[in-house]
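Here's the structure, in C-alpha cells; my notes come after.
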Amino acid sequence: MQAEKDAEFVGAALDAGLRAARFSLPPSSEEFAASIEPKNVPAVFRGVLKGSAALSRWDPLYGGLDYLLEKVGPDVAVEAMMSNTGHVFYGDLRSHERVSILFSTFMQSCKSHLGHLNAASDSSKDKGIGKESTCSDKMCPARSENSEQLYLAQVSILNTENKDRSSLEVLKEDIQEPIFLKGKSFSSINFWMSRAHMRSSTHYDPHHNLLCVMAGCKKVTLWSPSASPFLYPMPVYGEASNHSCVSIEEPDYSSYTRAKYMKEYSERVILNCGDALFIPEGWYHQVDSDDLTIAINFWWKSRIMTEMLEHMDGYYLRRIMRSEDWWIQRCMLFISNIHLFSPWLLTLTK
C-alpha cells in the first residue's frame, strides 16, 4: 500500500493531452517560451538543477543546516505556518496561523529533528532491520507526533512588489535560475522547507510556477482547471478561494459527492533533489513533502494575468466560468479587454 502511495500515477480519465511532459535535458528558453509554456500543461524537468550552488550547499545530510544558519545569520525573522491539524496544512485560516520565528530557531529545530532521524536509523540498523528505501523513507524513518508543526512556506528571497518582504534575499547568491527561464520577469522567488513530513491542501495559484527541489523529495498531485467541479473550490468571497474544500485525508463524499472521482482526473509526479516541475497558472496541486525537504519556486505572470488589472480577477473569472474548457477557449478571445469586466465581477461577491 505504501509503495502505491509513493509511486507516480496517472488517472484513467485524464486526457492524454493534459499529462505532464517529461524532459531529461533542459530546453532552451526559446523552446520553453514557444512550445512548452503556451500549452498550459505541466512539465517535469529531471536533474535540471544539477550544478546549482544551492543543491550542494543546502543539503541537510551534508552540513546544509549549518551552512544556512551561517549564511542567513542569527537575527533574521521569517514568517512560518503553524498547523493545528497535525502534518496537514489547509488553506482555511482556522486550521493554521502565521507566526514570526527566527530563521536560526527553525534551523536549530531542524538539526534536532535530523538527530532524531539519524538515531532512529542507527537503531534500525543495529536491530538488523533492512529494506529497500523509497522516496519517503530515505529521510523519514520516523514520523513526528507533534500536534503542531511549523513549515516555512513562501518565504521571500525575491519580491518585486515589496523588496522589504525579501527576508531571505541573501540566499539569492546561491540560486542559479534554470536556463529555460532566462529573460523571465519574476514576480517572486520563494523558499520552502519542511522540518517533518507534511502535506499541503489542494489549491491553485494565480501565476505560472516552477517548483524546484533542492533537498529531499516532494510528491505533487496535479489537476487541470477543468477538474474544478470535482474539487469543490472554497467560496470566492473567502480568504482561500483558490483552495479545495475537500479534505485530503478524510474526504466527506456524502457532502462532496463528485470528489470520489477526483483521483481519476489527477496525475501524481515525484520530484527528487535536482528536479523541477512547471505548474501552469490555474492548475490545482497538492504537495507531500518528506522530512527536511527544501525547495524554491519561481513565480511569473502568465499572459492571461498580465492583462488583468486586479489581482482577484483571475479567481472571479474562473469561478464564473466553472473552468469549463469550452468557455476558457472563448473567453481567451476577450481576455485583453478584461478590465471591462472587473467592476461587474466585483459586484457578484457582494
Side-chain angles (χ1 to χ4, degrees), residues 2 6 49-50 52-83 86-89 99 101-155 157 167-168 170-171 174-175 190-200 211-219 270-275 287-297:
Q2 184 62 41
D6 288 338
L49 305 172
K50 289 181 179 177
S52 167
L55 212 64
S56 58
R57 294 172 180 172
W58 297 2
D59 190 339
L61 296 181
Y62 298 96
L65 300 178
D66 286 325
Y67 172 82
L68 288 168
L69 262 172
E70 182 178 352
K71 184 73 173 176
V72 176
D75 302 321
V76 174
V78 295
E79 194 176 67
M81 290 178 63
M82 184 170 68
S83 171
H87 66 287
V88 181
F89 288 78
V99 297
I101 182 175
L102 290 176
F103 184 80
S104 57
T105 300
F106 184 79
M107 287 296 109
Q108 292 292 354
S109 174
C110 290
K111 290 181 68 174
S112 176
H113 188 65
L114 179 59
H116 290 308
L117 294 177
N118 289 336
S121 178
D122 292 341
S123 177
S124 296
K125 291 177 182 178
D126 291 341
K127 293 177 182 179
I129 300 174
K131 66 174 183 174
E132 184 178 352
S133 65
T134 66
C135 173
S136 291
D137 50 42
K138 284 178 186 176
M139 290 292 293
C140 309
R143 297 297 191 205
S144 171
E145 298 299 326
N146 294 346
S147 60
E148 293 181 335
Q149 290 202 25
L150 286 175
Y151 173 44
L152 295 190
Q154 199 178 325
V155 181
I157 297 173
S167 51
L168 296 182
V170 67
L171 295 182
D174 292 343
I175 297 171
N190 304 294
F191 180 91
W192 309 72
M193 184 171 183
S194 56
R195 186 183 73 91
H197 171 247
M198 59 78 58
R199 313 189 74 191
S200 72
L211 176 63
C212 306
V213 176
M214 315 308 291
C217 176
K218 286 182 179 284
K219 292 176 282 292
I270 296 176
L271 303 177
N272 291 299
C273 182
D275 294 340
V287 183
D288 285 66
S289 300
D290 283 355
D291 295 62
L292 300 172
T293 291
I294 302 175
I296 62 172
N297 84 297

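Please read all numbers here as calculations on a predicted model, not as lab measurements. Side chains are part of it too, since the values below use all heavy atoms of this structure and drop only hydrogens, waters and symmetry mates.
With sequence neighbours excluded, the residues satisfying side-chain contact (heavy atoms from CB on, under 4.5 Å) with Asp275 are Arg46, Leu271, Asn272. In this structure Gln108 satisfies the side-chain contact (heavy atoms from CB on, under 4.5 Å) test together with Leu69, Lys111, sequence neighbours excluded.
Distance check, rounded to the nearest 0.5 Å: CD of Glu79 to CE of Met81 gives 9.5 Å. To the nearest 0.5 Å, atom CG of residue Leu171 and atom CG of residue Leu68 are 6.0 Å apart. One distance of note links CZ of Phe191 with CD1 of Ile296; it measures 9.5 Å at 0.5 Å rounding. Note: Met193 CE to Cys110 SG = 3.5 Å, rounded to the nearest 0.5 Å. Summarising the geometry, atom CG belonging to Asp290 is positioned 6.5 Å from atom NE2 belonging to His197; distances are rounded to the nearest 0.5 Å. Note that the NZ atom of Lys218 and the OG atom of Ser194 stand 5.5 Å from one another [nearest 0.5 Å].
Closest non-hydrogen pair, Ala295 versus Leu211, comes out as CB-CD1, 4.0 Å. Counting all heavy atoms, side chain and backbone alike, Leu152 lies closest to Ala80 at CD2-CB, 3.7 Å. The shortest non-hydrogen separation linking Leu55 to Lys50 is CD2-CA, 3.7 Å. Of all heavy-atom pairs between Gly216 and Val213, the closest is O-CG1, 3.7 Å. In plain terms, the two heavy atoms of Pro60 and Ala215 that are nearest each other are CD-CB, 3.6 Å.
Side-chain atoms of Cys212 and Met214, non-hydrogen and from C-beta on, do get closer than 4.5 Å to each other. Residues Val155 and Ser167 are in side-chain contact: their nearest non-hydrogen atoms beyond the backbone lie under 4.5 Å apart. Counting only heavy atoms from C-beta outward, the side chains of Leu168 and Val72 approach each other to under 4.5 Å. Taking the side chain as every heavy atom from C-beta outward, Leu61 and Leu114 approach each other to under 4.5 Å. For the pair Leu150/Val99, a side-chain contact is recorded, criterion being any heavy-atom separation below 4.5 Å from C-beta on. Looking at Ile294 and Trp192, their side chains never come closer than 4.5 Å, going by heavy atoms from C-beta outward. At least one side-chain heavy atom of Tyr67 sits less than 4.5 Å from a side-chain heavy atom of Asp174.
Under the side chain to side chain donor-acceptor pair (under 3.5 Å) rule, Asp291 has a single partner from His113, Arg195, His116, which is His113.
Ser52 contributes no side-chain N or O that, together with a main-chain N or O of Ile175, makes up a donor-acceptor pair within less than 3.5 Å.
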